[in-house]
Every structure is written in structure tokens, then in C-alpha cells.
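What follows is a short report on a single structure.
We count ligands from 1, going down the list as the structure has it; atoms in each ligand are counted the same way. Counting from 1, the numbers follow the sequence of the chain as shown.
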Amino acid sequence: MRTINLKFKKFNREILILLTAIALAVVLATVRGHAQSCVGLPSFPTSGITTTQDRDQMMCQQGLTFPSLPVRSGTAWPWNDPTAPTNARPSTLSSPEGNWTDAQGHTIVRTAWGNWHTYDADPIYEPNPSQHYNPGSTTWPFPSLNGGALSGVGDYGPESSPRYPDIDLFKMVDGTSVLSREDWWIKRRPEIFNLVQQEFYGRKWDPSEWPAITWSVGSITTGTQNGVAYRQKTITGTISKATYPALRNTPVITLQCRTPAAKAGQKAPVFIQNGGSASTVFGFTATAGFGGCGYSNTALQPDSGGANLSSYIIGLVNKGNWRKPDDPGALVAWAWGISRLIDYFASDPDIDEDKVAVEGHSRYGKATLIAAAYDDRVVAAFPSCGGSMGTSWARRHYGESLSFVSGSTSEYHWLNGKVMNYAGPINPGVNIPGKVQNLDVDVHSVMSLIAPRAVMTNGGSDTPAGNGDAWQDPRGMFLAGKYSGPVWQLLGWAGQVIPPGTVFTSPGSPGTGLTAGPAESTRGTPPFNVAFIDGTVGWRRHSEGHTDAPDWPTFVTFASRYLNDKRPVITAGQNFTLPSFPSNVLGTAVGTDGDAADTLQHWQVTGGTGAYTFQINEVTGQITIPDRSKLNGSAHAYTLTLMVGDGKLPSHVRDVTINVPADTAAPVPDLATLPSATGECSARITGPPPTATDAYVGPVTGSTTDPLSYSTQGEHVVTWKYNDGHGNVSMQTQKVIVKDVTAPVPDAASLTTVTGECSATIPSAPRATDNCAGSITGTTSDPLTYTTQGTFTVHWTYDDCNGNQTAQTQTVIVHDTTAPVPNVSVLPTITGECSATIPSAPKATDNCAGSITGTTSDPLVYTTQGTFAVHWTYNDGNGNQSTQNQTVVVHDTTPPTFQGLTASPNVLWSPNHQMVAVSISAVVTDACDSAPVTRIIGVASNEPINGTGDGDTAPDWEITGNLTLNLRAERAGNGNGRVYTITVESRDASGNARIRTVTVTVPHN
Ligand SMILES: [Ca+2]
Ligand SMILES: [Ca+2]
Ligand SMILES: [Ca+2]
Ligand SMILES: [Ca+2]
């Protein structure tokens, strides 16, 4: 309570200063608000520098200016300031530049950065505008209904809507996610810590900047408190000014401690209270067996700005200069003092430097938070009611704000200067959003730096109304634990544990009665006066106002769990050696714990050169190397910084050594022989590359610059290389065999027989199809044309040129089936009288043989009369013959020819009537008949046989032979003589007869 009163006293003092300035300004410019001045500030601060000057100098360094704000005047909203909350008025109507209030009695401020703050956000109490402040009235028209000034506006914090973008503790600024504890320890936590230093509190001094400290312990007094005998001593750290002798004020670290007398000479856990006294703290810790210490932090660095910020410890480190924007403020300076005390405790026989709990309330709650965040030796922290820039949510419009703190001459010194860049609205004259939206961190970020150590937050109520704890934002302080808790969970500890079904508080009732309270926005906090300390992030909300006292017993109980724990210890000097692959186990880290009931758990890697290369099983402590590719092959001694828990405290981190011998062996192929890749027309190596195993890096995948695919016949060799990445390369070959063993397949199962009568020619070569060569034309050494009769076989060969041949035969048949055709359809008949001769053989024409002469076995010459048939045959020599007959006729038609025909005697003389023998002589020739028959065929007389004068004797002739006859020698006396005409016929054998006559006369005288 003392702290809050002090704070508000200072706050009001600032307002009075402001009023004085405003009173002057109003005369000059009605719209001019407060503005800092960069004029006249010395280059080196002096003892006369005021808080305003120092704050302004920090703003000037950064080019920051407060906005010109309208003066607030009038009797009704908007009071000459359009951003003024509707349901608000000056607490003192005649002093509109002072604090304002609302129907709930809340404190309302407009910060120098131009935005308004109060502590109320729940929309359900937002009254009708007509029920807002009654102009000129000092009463509120409907006090039972009127909400706070910012009711309905929204708080913009977590879980509200609208709200500022969430800051994910598990997402790096560059967007990558935190996936492991290593990521947290090695990447994200340092990033957060850096941002916390940069954006909020200032950098952690480097040990090189520390002044020398001389420790001394005052005389020990004794007493009894709460029935516990104690020993009290004061520890003083005298700080050397040697690095800056001109320092105006010498800082000193002073700690007054009471430790249980029964534990004299034993190192006892202690609670340190920022700004408190040993008696206060021991009053809470005595019966629990712990020491209690009060830390006079303001002797190290006063709780004020101005000239003090260039003096004391901050001034000493800065050698009297102005702070730079990233230099720490008082909170970090105070925390630094606690860290140095812990340094000292190592040599104090009564205090266990390993069991330090820190507490502080209000602004010292902020300091406590930072002490734990900046120094991991703080085992348990209780930043009580830390409020704005402490444990409440910065990016939530509720109660005291970053803008207020960073601009207030009574508070700016807590923080660094850079935080001013996040003050005020983003858009001038528009209250929300504020520049806090641009922050990369919030209070959960600060809290997360404590994980997995114990931290407890708390909050109170607005008791008394308007001056209670609402200004510190209890729900925001609850949310700090809620939203940082997942970091504990990541590391293996329980974060904030609020059992399911826990009924949260409702917003306070409106009005000014005893039950009234600020609306904390929806969802409130866990219920009042219940300790939620099952997790490692504790929470308790008390029903009282701005005080830490009600929660101290809970904190002691909470912290006891950790202070009484014998911390797990990782055994020193552990060495591991990388085994040959495939073993990935290097060994098991071991540790000890002095508590019989405790088991080591949550082994984790927090750093070391071997982080991300080696990992540790969180349960067993077994160290493995999941991926040897991260090794570089040279001999290495890695460190692996380990932490282990026992369910309560984390161990101190300790490095183990991991020896990795140099990689000198080449990978050994996994297969002694790589299977050949085969194919007939082409072949390729398919599938994943071959692998080898390296004793160092494990699996190695082969690589090659050779083609994997081949389409030419033959055996190709692919050379694989296995490179362990460390200069050791082995090689292995793999064959790719392209061998065509498939012969061409004829396109036709059987080839068409080619035929012809006289000749046959295969018109075109047959084809085949080959698996590789495609269409192939057959070849043969056989003739393609045949002109002789017969059946021939042509032997075709299909050759794929890859050594495969297919044979196929084709039959060619030359077969003359056509007989010769006689040239003339009917042969001429050959005739002759005595003989006939066929002058020449007839001819025929053959389709193959051409002109063919007929042959016959018959005679060609005929000499005998008759008709003869000559049978001609035409033979084409191919088994075909035709026949034709020819007629030969020998037919004598010429009668014999008389060459001479005489009768002898041809005169009969004496006509004596006697018969006279006459012979006929005939010379006859006949062409054919050599002996034609010649004979007398008649005799005639030119006189009658018995006529006058002849004697009348008959017959006058007698034919006695063919050529003989008797003729009567007689004649008619009165005639001239008788003439016998003898007709002689000569007849040849063919019956041809010729008749000639010959006469024999019987002359008349
Ligand atoms: Ca233990
Ligand atoms: Ca190797
Ligand atoms: Ca083939
Ligand atoms: Ca023929």
C-alpha cells in the first residue's frame, strides 16, 4: 500500500507541474499541450538535470516529440478534446488538465502521448450517452448503471475482439517456428531476451562494464520473530568508482538478511524483497525455515530519473553520460544488484546462492520480474502486482499503460529510452490502435525468459475504488502467466495450472458502492483468494487492493517446493565418443539428485557446439546423433550443454564433451556388386541411387556423372561415387547391358507362294518387325526371278543387325500348263498324183517356248495312191503338247500318154477277105504307172461289115489279144478303101484311161 500511495502522490505531483505549465501555455495557444524541449540541454548531464529534462533529452536523442494536444476545457464532452472518453469528466471540474474520473470513480488519464487510459473495458456497463456525465454536475445521473469511461471501447488484449495481433512465443521474428527445446534455448529465447532488452528495459550490462564491488558483512544480531530465532546481518557491496571517479553519487548494494539461527553455518535458502526489509520478509519466511532479506535497491539506483540517471550505478557504467536509448533503466539496475548479491552469496556461509527467491511489489514487482528474467539463478520469483511494464499485458488497454510509464517524469526512468517509440496512438488523435501494436514482445515474452523456473503473479481488486489494484490490470497480470505457460510446458514443466471448471470472476458491479469494481473485460480472472500453484507459474488474486501481503504466504508455500528441492546435478566430466555407424548412441548422460523421491527427467539441450547435431532422450538421458550429415569430418570435440529436471528445479546447465574422431574411411558400398541394368533395345538404371555406408556419416547416397540410360548395344559402365563429404570417396561400377536377343518376327507367318507359267518373280522383299530395329526388309542370296519350270525355295533372312536373324522361305513355282497352239487351225492338205511329200513341218506357238515345230512319226512322203493322215505333235517341252493332223492325198488323175501307136500291118493288101493278124504296137507312158494296161477296146470300120463288094463275110475283126486282132482284108469294091479304126485304151492303175485310135487300111486298089 505504501508503494501505491507513493506512486499516486508522485503522479499528482506531476499533474501539478503540468498545470503550472498549462496555465502559462493557455494564454499563448489554446491548443498547445505539453511538449518536450530539446533546447538548452547540456551535452553532459549535470546534477541539476530535472526529470523532465532527462526524459526530454532521451526523446530528443530519438527524434521523438509529444504531440500537441488540445487543452481540455468546457463543461461537457468532448471538453475541447475529441478523443476524450464520453463518460468522463475532470476529477476536479475546475482543473480539467488534472486526473479525470468517471461514474465508477476510476482514475482516468490522458498521457503526454495523447491517448487516454483508465481501467474499464467491459461493454456490458456502457450507459446510454444521455446517461453520461451531466455537464456542470458533480453527481452522476445514473450511478447504478454508468460504466467506466472506456466501457465499450474494448481492451485489445488477448482473447478480446478486436485485439492486437498475437505474439506467438513459438514463432521467431523471421516466421520460423520453434519446434524443439533446442530451438527455444538456442534461438527463440535469446531472440526474445534481446527484444525485451531492446524494446522494454535496456540491455543487460556486459561484465566488462561492471565496476569492482567489495563485499562486507556487518555484525550479526540475533532475535526471534514468529517464534523463530534468527541471525541478522547486513551485507554491503561497496562499489568502486575507479572507472569514473567523478560520479556524483556512489551506488551501494545493501542487503539486510535474517536467517534461521538453527541453520547458522548452513547455507539457507533466502527470499529477497526488492525495497523491503529483513523483518518484513522474515515475517513470512521464518516458520518455513527460510531466510528473509530486504534489498535496498534505491541505494544502488534511486527510483527517480533526472540527474540520478547519470549518477549511481547507471551513471557509473555510463561514466556520467546521458543514457543512450538502449541503456537500462532503474529496473535493470536494481536487478543487476540482485545478481551481484547472488554472486556474493557463493561465499556467504549462511545463504544458499542456489536457492534465491525474489519478491517485490508494484514497481518493485516489475524489478522482480526483470531480476528473474535477466538472471537464471533466481529460483523463484514473485513479481507482485507488477502492472504496466511489469507483469500486466502491455498490448491491452487497461489501467496504467506503456504510454503513461514511458512519458511520465516519475516513471520513465524504470525503462530504457527505446520504449518511448511504442507510446501513444499510431494515428494522432485516434486513441486506438496504439503504437504498442508494433511491439515484438509483451509481458508473456518477459515471463517466458524465466522458464522453467518458478514464478508467481498476482493481482488485487480496486479497493479502495479508484486507488486499488485495478490500475495494475489484474486480468492482464493473469494473462501474463497464462500465455507464457506454454513455454514451461515445452521445457517439461507445468505452466500455469488452472483446473478445468474453475469459475472466473465477473466484471465488477458498476457504481461507486462497496461491491463496485472495474470491469476487467470479459472472462475476468480465476477466483479471488484461491492459490493456483500446482504449476510452475503460480497465480493468486487477492480481494484486497494494491498490496502483496495477502499473497506472501502463498508465495512462500509455492517457492518452498523449489527452495527445499535438492537440485539435480549433472555429473561433471562426462565424455562421449561418436560410435561407428550404424550405432547412433553415444552413451547416456548421468546426473544425481539428493532427494530420494526425485527422478531425473526432462533432459534437454540448451546449447553447446553439439546442439542440433546431437540430441538427448528427455527421459533416459541417452545421447544420440540422429543425423550424421551435420558432422564435418574433422576431429571435433563438441560440447553439449545439458539441463535436467527433477520435477521441480532444473539442474544447472553443464557441458558434456563429445569426441568425434576424424573421418578417414571411405564409405563402403552396401551391395558388393550392383545389379546390372539390362534391356534389349535400351536400358537404364532405375530406382534410387545405390547407397553405401560410412562409418562416420552413415548412409551415403551414390552419385554419378555418367548417363543412366543407354540405347546402344553393348555393355556400358556407370561409375558411382560415394562421397562422405569429408574427402573420402569410394567408387563402384554398375553395368548397363543393352543386348538385343529377340529376332525379328516376320510380318507374315508364311510367305505367299509366287507362281508363273514360264517364269516367276518375287515382286518385293518381305518384311519383318524387330523389337529394336522396327521394320526390317528381308534379304536373300537366292534369285528373285525364275524362268525354268520347277518349284524353287527362296531363303529370306531378316537381320536386326544386333546379331539376331530370322529365316523364312518363300516358294516360287514356275509351271507351264499351257499347251502350244498351232499356228494355223487347219493344216493344208498335201496332194500329189504319183506321190506327195509334206514339205515342212507345221509350227505352233507356245506361251513359253515360242514357235514350236511339229513333229511326227508318220512319213512325210507318200508314193502310193491314197489319203493319209499325218499326226503332228507340238510339244512345249514342259509337258504340254497339242496335236494336229495333216492330210496327204496321192491321187493319180492323168491317163497314160500314148507316145506311139502303130498297127502292123496297117495295110491289108490284098483284100482277100482273109483275116489278117494285126498287132498293135503302142508306146504308152504314164507318170505314175509304169505299166498301164493298154488294150484294144474297139474296132470300127468305115464300111459295113457286109456291104457291097466286100464279100459279105463276117466278122470283119476279131480281137485276139490286148494288142492283137484279126482284121479282114476286105473292102467294099465301090469304095475308096476300107479303114479300120482300132480304139486302143491305155488305162493306168488308177483307172485313168486314155483312148487313141489307130487305123488299118484296106486300100481300094
Ligand atoms: Ca531434487
Ligand atoms: Ca568416411
Ligand atoms: Ca531384335
Ligand atoms: Ca506351253
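An angle of 80° is found at the Ca ion (ligand 3) between Asn771 atom OD1 and Asp740 atom OD1, rounded to 10°. Geometry at the Ca ion (ligand 2): OD2/Asp694 and O/Ala665 form an angle of 140°, nearest 10 degrees.
Taking 3.0 Å as the threshold, Asn802 does not count as a candidate ligand of the Ca ion (ligand 3), since none of its N, O or S atoms lies below it. For a distance bound of 3.0 Å, the N, O or S atoms of Glu680 include none lying that close to the Ca ion (ligand 3). The Ca ion (ligand 3) has no N, O or S atom of Asn804 under 3.0 Å away, backbone or side chain.
When distances from the Ca ion (ligand 1) to the N, O or S atoms of Asp598 are compared, OD2 comes out shortest. Closest N/O/S atom of Asp565 to the Ca ion (ligand 1): OD1. For Asp663, the N, O or S atom with the smallest separation from the Ca ion (ligand 2) is OD1.
Ser484 places no side-chain N or O within 3.5 Å of a backbone atom of His444 that could act as its donor or acceptor partner.
The environment of Lys735 atom NZ is sparse: at most 12 non-hydrogen atoms of other residues, nucleotides or ligands sit within 6.0 angstrom. For Lys721, the NZ atom is loosely surrounded, since the number of other residues' heavy atoms within 6.0 Å does not exceed 12.
The aromatic ring centres of Phe193 and Tyr374 sit less than 6.0 Å apart.
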